[in-house]
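The figures here come from the full heavy-atom set of this structure, side chains too, leaving out hydrogens, waters and symmetry mates.
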Amino acid sequence: MNDEQRQPLWRQLQATTKVLYAIRQGQSGTAAVAAVEAALRPGVQALSFEVLRSLGRAQALRKLLAPRNPPPMVDALLCTALALLSCEENATYDAFTLVNQTVEAAKKTLPIKPQAAFVNACLRRFLREREALMAQSGRDPVARWNHPVWWIERLKADWPQDWQDILSAAEHPAPMVLRVNDRYGTPQDYLAKLRDAGLAARAVGPFSVQLASACPVGRLPGFGMGWVSVQDGAAQLAAPLLLQGFPITSGLRVLDACAAPGGKTAHLLEIADIDVTALDVDLVRCERIHQTLQRLGLQARVVAADAADVPGWWDGQLFDAILLDAPCSASGIVRRHPDIRWLRRATDIAQLASLQARLLQHLWPLLKPGGRLLYCTCSVFRAEGDEQVAAFLADNGTAKMLASPGHLLPTPISKSGEPTDNPGNDHDGFFYALLEKTAP
């Protein structure tokens with residue numbers, strides 16, 4: 001029996017409640033889960049992801065059961081329980097166990113203990129009136145789609161034919177996709193190693209394999225030696241797209257302008273012997289780039305700097321190619337990070353679009369004539385994708401759009417749960433625009 005299995009459910013629910021409370025206070029889910037004690041962390045992360053994917057429904061149910069807002073920690077515990085109770089399909093725990101253990105968590109959590117009877121009454125009522133409460137809550141779009149109203153409305157406007165599929169895709173865990181290091185072999189080579197290790201997988205791209213089930217990286221053959229990295233299939237398009245058409249020589253100068261945690265930097269170096277400068281504004285995140293490159297046995301010039309503050313870091317030599325994986329809403333990766341939808345605000349999109357425009361404006365002069373800049377975001381919002389690039393092209397006579405994927409929309413998993421005929425479409429939401437600099 002492992003540590004996770006030895007932990008009573010009430011302790012996991014107690015810790016999950018604290019994670020939800022921290023997210024509501026503006027902390028990222030990654031940081032909130034990292035603060036949980038190690039023995040509880042795996043179970044709490046799994047429960048937290050379930051809760052966040054059903055939080056809209058849970059919040060609507062809580063309002064029906066308790067129209068007056070309870071104290072924040074009590075509300076977090078109620079929403080944690082209601083999110084888990086509202087998902088009957090593939091439920092990890094039966095309803096009565098969840099209710100009993102939630103009440104136990106309330107009794108053992110000082111800020112909530114005085115409200116334990118209230119928590120019990122709400123949850124028992126939900127069990128009695130489940131069908132009616134679920135039907136009533138389903139009239140609320142936030143409950144139906146488990147996203148904020150502004151997010152739903154923006155997707156409707158941006159993607160009138162696809163918005164429901166995009167929202168549906170976010171309700172399911174993303175598959176674990178690996179990028180096979182081109183210096184060590186092909187996806188087919190690595191599939192054989194996975195079979196030997198008892199791990200089922202299939203090839204889904206020129207560099208990638210998709211595992212049938214996620215597993216700790218320690219179980220992956222050669223992970224510590226740099227044979228593979230974890231990276232979504234959509235993100236794996238960046239490096240080959242930027243380098244296509246270039247004679248790959250050691251003299252090629254490439255800038256990765258917002259590089260942390262270093263996955264795309266590493267991919268560039270895996271497929272070409274080039275000179276890469278990797279920037280990130282955060283010194284701690286730069287350390288992650290170093291760690292990524294060290295594991296893979298690769299080298300780049302890593303600089304902690306604001307890419308837009310060009311005089312602060314640039315050596316005056318123009319680049320042949322620039323990868324601008326710009327800061328964005330991360331609206332395309334909510335299936336991997338379900339906290340994002342609850343952390344973002346409607347006003348964030350305009351602010352992020354302004355930052356993206358600023359980076360494009362400051363980095364474009366650093367590109368040689370004939371050079372290429374690949375602008376990308378892990379966003380499904382047009383303001384951070386094709387609208388951003390259209391505005392840049394309208395204001396810049398030296399920029400020409402080359403053939404580009406544009407918006408890659410996440411797709412829902414097969415309803416049957418069986419492998420699809422086109423596994424390459426099971427990817428995060430991304431946007432790619434490849435721009436070439438013409439002579440002035």
Would you compute the distance between atom CG of Leu374 and atom CG of Leu242 and round it to the nearest 0.5 angstrom? 5.5 Å

Value for CZ (Arg295) from OG (Ser229), rounded to nearest 0.5 Å, stands at 4.0 Å

For Gln294, look at atom CD and say whether over 12 heavy atoms of other residues, nucleotides or ligands are found less than 6.0 Å away. no

State, without any angle test, whether Thr377 and Gln356 hold a side-chain donor-acceptor pair at a distance under 3.5 Å. no

Does a side chain donor of either Arg62 or Asn69 reach within less than 3.5 Å of an acceptor in the other side chain? yes

Gap between atom OG1 of Thr265 and atom CG of Leu323 - 0.5 Å precision: 7.5 Å

CZ on Phe246 to CD on Gln244, rounded to 0.5 Å: 9.5 Å

Tell me if the aromatic rings of Trp145 and Trp163 count as close, with their centers under 6.0 Å from one another. yes

Tell me yes or no: between the side chains of Ser331 and Ser379, is some donor less than 3.5 Å from an acceptor? yes

Indicate yes or no: at least one non-hydrogen side-chain atom of Phe207 is less than 4.5 angstrom from one of Glu270. no

Would you check if Pro240 and His267 make a side-chain contact, meaning some heavy-atom pair closer than 4.5 Å? yes

Which heavy atom in Val33 sits nearest to a heavy atom in Ser48, and how many Å separate them? CG2-OG, 4.5 Å

What heavy-atom pair brings Arg341 and Asn146 nearest, and what distance separates the two atoms? NH1-O, 2.9 Å

Decide if atom CD of Glu129 counts as having more than 12 heavy atoms of other residues, nucleotides or ligands within a radius under 6.0 Å. yes

For Gln25, is the CD atom crowded, meaning more than 12 foreign heavy atoms sit under 6.0 Å from it? yes

Check: Leu84 and Leu47 side chains under 4.5 Å, non-hydrogen atoms: yes

For Asp280 and Cys286 the tightest heavy-atom approach is O-SG, 3.5 Å

Can you confirm whether Phe381 sits close enough to Asp158 that some side-chain heavy atom of one is under 4.5 Å from a side-chain heavy atom of the other? yes

Grab the two heavy atoms, one from Leu211 and one from Ala201, that are nearest each other, plus how far apart they are. CD2-CB, 3.8 Å

How long is the straight-line distance from CG of Leu435 back to CD1 of Ile322, given to the nearest 0.5 Å? 10.5 Å

Would you mind reporting whether Asp140 and Ser137 have side-chain heavy atoms less than 4.5 Å apart? no

Derivation and outcome, side-chain contact (heavy atoms from CB on, under 4.5 Å), residues Met134 and Arg57: CA-CA 8 Å; Met134 289 292 286; Arg57 173 76 70 171; 4.1 Å; yes

Give the C-alpha distance, both sets of side-chain angles, the deciding distance and a yes or no for side-chain contact (heavy atoms from CB on, under 4.5 Å) between Val177 and Gln231. CA-CA 6 Å; Val177 180; Gln231 187 180 45; over 6 Å; no

Let's go through Arg11 and Glu37 carefully: what are the C-alpha distance in whole Å and the side-chain angles of both, what is the deciding distance for salt bridge (charged side-chain N to carboxylate O under 4.0 Å, His left out) to 0.1 Å, and is it a yes or a no? CA-CA 11 Å; Arg11 289 200 68 208; Glu37 64 178 271; 2.7 Å; yes

Starting at OH of Tyr432, measure out to CG of Asp386 and round the result to the nearest 0.5 Å. 15.5 Å

More than 12 foreign heavy atoms under 6.0 Å from CZ of Arg336: is that the case here? yes

Residue pair His407, Phe430: steps toward the ring pair (Phe, Tyr, Trp, His ring centres under 6.0 Å) verdict: CA-CA 6 Å; His407 281 280; Phe430 250 84; over 10 Å; no

Looking at Ile333 and Cys378, what are the two nearest heavy atoms and their distance? CG2-CB, 4.0 Å

Listed partners of Phe96 passing side chain to side chain contact (heavy atoms under 4.5 Å, CB included), at least two apart: Asp94, Arg124, Leu127

